[in-house]
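Sharing a structure below in structure tokens format, with a few things to ask.
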Amino acid sequence: LTMRTLICFLFFFCYYQSALAQPSYKDSIKSYLTQKKKAGKYYNDKDEDGKRSYYFQKSSEQIITTIINPKASHQSYIYNYRDGKLIMMQLYLPYEMMPESRGKKMYGRYYFRDGELVDKDLMNFPEVDVSFYYQIGVELYKRGVKFLKEKGKVVRDY
């Protein structure tokens with residue numbers, strides 16, 4: 001009986017240790033983006049609505065990141081993709097949306113898996129309609145693919 005108990009304890013201990021060693025989803029996204037930010041180039045698209053920058057990695061033929069700075073406002077949205085799917089968005093909104101945050105760091109990071117919100121990291125950030133900003137990211141990806149194809153780039157559009 002004690003040998004069985006010892007084996008069960010060791011099995012549980014090993015399982016627990018391996019579970020703790022697994023990186024979080026947020027960490028895996030950060031690692032992926034760090035690796036993908038090599039050997040790429042930003043392409044800028046500007047019009048009356050603002051400026052969009054597309055980070056294109058030529059080796060994988062993918063848009064990895066899209067940054068949009070809407071005109072006439074102090075805000076920025078950063079969208080990160082894997083295989084054409086939005087995996088993370090970072091929102092930097094104007095202080096008018098949360099005046100008590102003025103002078104402090106203020107951001108919202110949202111992590112997605114298969115189109116579903118799985119985690120978020122907020123600092124002095126107001127409640128927002130996540131699906132609204134998510135849809136902007138999806139549309140920006142489509143726009144980026146079209147923009148880069150017009151520039152003569154071969155882009156996977158999944």
Taking only residues two or more places apart in sequence or in another chain, which ones pass ring-ring contact (aromatic ring centres under 6.0 Å, His included) with Tyr81?
-> Tyr141

Kindly say whether Met89 contributes a backbone atom to a donor-acceptor pair with the side chain of Tyr111 at under 3.5 angstrom?
-> no

Exam field: side chain Gln62 to backbone Gln57, donor-acceptor pair closer than 3.5 Å = no

Hey, is the main chain of Ser28 close enough, under 3.5 Å, to the side chain of Ser31 for a donor-acceptor pair?
-> no

Does the pair Lys30/Asp121 count as a salt bridge with the N-to-O cut at 4.0 Å?
-> no

Taking the six-membered ring of Phe147, is NZ or CZ of Arg52 closer than 6.0 Å to its centre and within 45° of its axis?
-> no

Side-chain donor or acceptor of Tyr95 paired with backbone N/O of Lys104 under 3.5 Å = yes

Under 3.5 Å, side chain of Asn69 to main-chain N/O of Ser76, donor-acceptor pair present?
-> no

May I ask you to check whether over 12 heavy atoms, not counting those of Glu150, lie within 6.0 Å of atom CD?
-> yes

Are the side chains of Val128 and Tyr110 in touch, meaning some heavy atoms are under 4.5 Å apart?
-> yes

Is Arg109 salt-bridged to Asp119, cutoff N-O under 4.0 Å?
-> no

So Phe125 and Leu91, side-chain contact (heavy atoms from CB on, under 4.5 Å) or not? Walk me through it.
-> CA-CA 9 Å; Phe125 203 74; Leu91 304 176; 3.6 Å; yes

Is the backbone N or O of Asn124 less than 3.5 Å from a side-chain atom of Ser101, with the two atoms forming a donor-acceptor pair by type?
-> yes

Are any of the side-chain nitrogens in Glu139 or Lys142 under 4.0 Å away from the carboxylate oxygens of its partner?
-> yes

Rounded to the nearest 0.5 Å, what's the gap from CG on Leu140 to CD on Gln135? Could you check?
-> 10.0 Å

Heavy-atom neighbours of Glu116 CD exceed 12 at 6.0 Å = no

Quick one: CG on Asn80 to CD1 on Ile87, what's the gap to the nearest 0.5 Å?
-> 6.0 Å

Carefully, step by step, assess Lys71 and Asp47 under the rule salt bridge (Lys or Arg N to Asp or Glu O under 4.0 Å).
-> CA-CA 9 Å; Lys71 207 168 200 170; Asp47 63 16; over 6 Å; no

Decide if the gap between the ring center of Tyr77 and the ring center of Tyr92 is smaller than 6.0 angstrom.
-> no

All pairs passing ring pair (Phe, Tyr, Trp, His ring centres under 6.0 Å) where residues 55-74 contributes a residue, at least two apart = Tyr42-Tyr55

